[in-house]
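A quick note: this is a predicted structure, and the numbers were derived from the prediction, not measured. When a ligand or atom number is given, it counts from 1 through the structure's own listing order.
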Amino acid sequence: MRNGSVDSTYLMIKDMRVRGAGRIARAAVIALKEYCDNNRFSSKKEFHSNLFAAGEKLKSARPTAVSLPNAVNYVLAAAKRSEAKNSSLRETIGTIDVVCDGFVASSLKATKTIGNYGAKRIQEGDVVLTHCNSEAVTAILTAAHEAGKKFEVFATETRPRFQGRITASVLAKRGLDVSLIPDSAVRVYMRKVDAVLVGADAIAANGAVINKIGTSQIALVAHETRARFFVAAETYKLSTTTMLGELVEIEHRSPYEVVPRAWLKANSRVKVKNPSFDITPPEYIDLIITEKGIYPPQGIVFLMKELYAEPLLGIG
Ligand code: RI2
């Protein structure tokens, strides 16, 4: 069995050569498509068990961004439906190809739609602060800029992996007015900030947002200065299992992302903690911008029920 696309995508997601909640979802779906197309299966049974094993492997690459299991489950659900219809192996693989292409296209379209919806929330003269690197956020800022609005952006560095540099670089190349600031400088600049705009790795049924570590501190400071706090997320980042009371697992990454190996060796009694994500409670969030519309966090559970309750629960 040629597992190449699945194994290499698993590793690229795990060590964050492919990162960002939307990107990892699309990468996993493309890996599953390639896996189906590039292998010969002796029976439908073999196909299904191998496909589900590949899906489980991909889902295990990173635990927090729910976009990853949601995207993989979307493909596996199509395989299950095909099995239930007793389709031939060739038909099933054909269906999976279509489903994977459809997911990737609709994911890209959703980000663009969020850009257009969110751009309306940026006012002329605003100062906007963002954290980490989110395609949904850069889509909004870019759309507002292309609409001719003049505004200033502060991008936090986002230690320990400095994804804020990606954001600052992308926005500057697109002609936006952007300043990179240390994470620890957020409170200094927040007095000038009109709106905070962040992405999401997962959104819980109560409207809490799981995003890059540091997001919840920024929300607290935004609350203090009454800056608006917006979240931009495609609906495949909704965590349906939180409707059943399940918690979103927070990823803890290597201490060597925080300090060099030699330093830790010389200071071996020091414990280094590196949680990747934190949880911003709904009370600190004004609006969640999705491709299906803009919701207060308290409205998210209704969107979740409308979109996913039946198709997603019970899969996995
Ligand atoms: P988009 C990222 O996680 C950040 O937390 C970002 O806010 C989120 O994914 C959403 O990104 P990481 O992969 O899907 O850098 O909006 O840990 O691009």
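Here CD of E157 is found 5.5 Å from CG of L180. Values are rounded to the nearest 0.5 Å.
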Less than 3.5 Å apart, which donor and acceptor atoms pair up between the side chains of residues 109-122 and the rest of the protein, not counting sequence neighbours?
from	atom 1	to	atom 2	distance (Å)
T111	OG1	S107	O	3.0
T111	OG1	E234	OE2	2.8
T113	OG1	K109	O	2.9

Hey, what polar pairs (N/O, under 3.5 Å) does ligand 1 make with protein?
from	atom 1	to	atom 2	distance (Å)
ligand 1	3 (O)	D201	OD2	3.2
ligand 1	5 (O)	D201	OD1	2.6
ligand 1	5 (O)	N211	OD1	3.1
ligand 1	5 (O)	K212	N	3.4
ligand 1	7 (O)	N211	OD1	2.6
ligand 1	9 (O)	A21	N	3.1
ligand 1	9 (O)	D201	OD2	3.1
ligand 1	11 (O)	A21	N	3.4
ligand 1	13 (O)	G20	N	2.8
ligand 1	13 (O)	R62	NH1	2.8
ligand 1	14 (O)	A21	N	3.4
ligand 1	14 (O)	G22	N	2.7
ligand 1	14 (O)	K237	NZ	2.7
ligand 1	15 (O)	R19	NE	2.7
ligand 1	15 (O)	R19	NH2	3.1
ligand 1	15 (O)	Q163	NE2	3.0
ligand 1	16 (O)	S134	OG	2.7
ligand 1	16 (O)	E135	N	3.3
ligand 1	16 (O)	A136	N	3.4
ligand 1	16 (O)	K237	NZ	3.3
ligand 1	17 (O)	R62	NH1	3.3
ligand 1	17 (O)	R62	NH2	2.9
ligand 1	17 (O)	K212	NZ	2.6
ligand 1	18 (O)	E135	N	2.7

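Of the possible donor and acceptor atoms, none in the side chain of T290 sits under 3.5 Å from a partner among the backbone N and O of T235.
Among residues at least two apart or in separate chains, ring pair (Phe, Tyr, Trp, His ring centres under 6.0 Å) pairs with a member in residues 194-227 are H223-Y284.
Here R161 pairs with E257 in a salt bridge; the nearest charged N to carboxylate O distance falls below 4.0 Å.
The side chain to side chain contact (heavy atoms under 4.5 Å, CB included) search around I213 returns P275, D278, not counting sequence neighbours.
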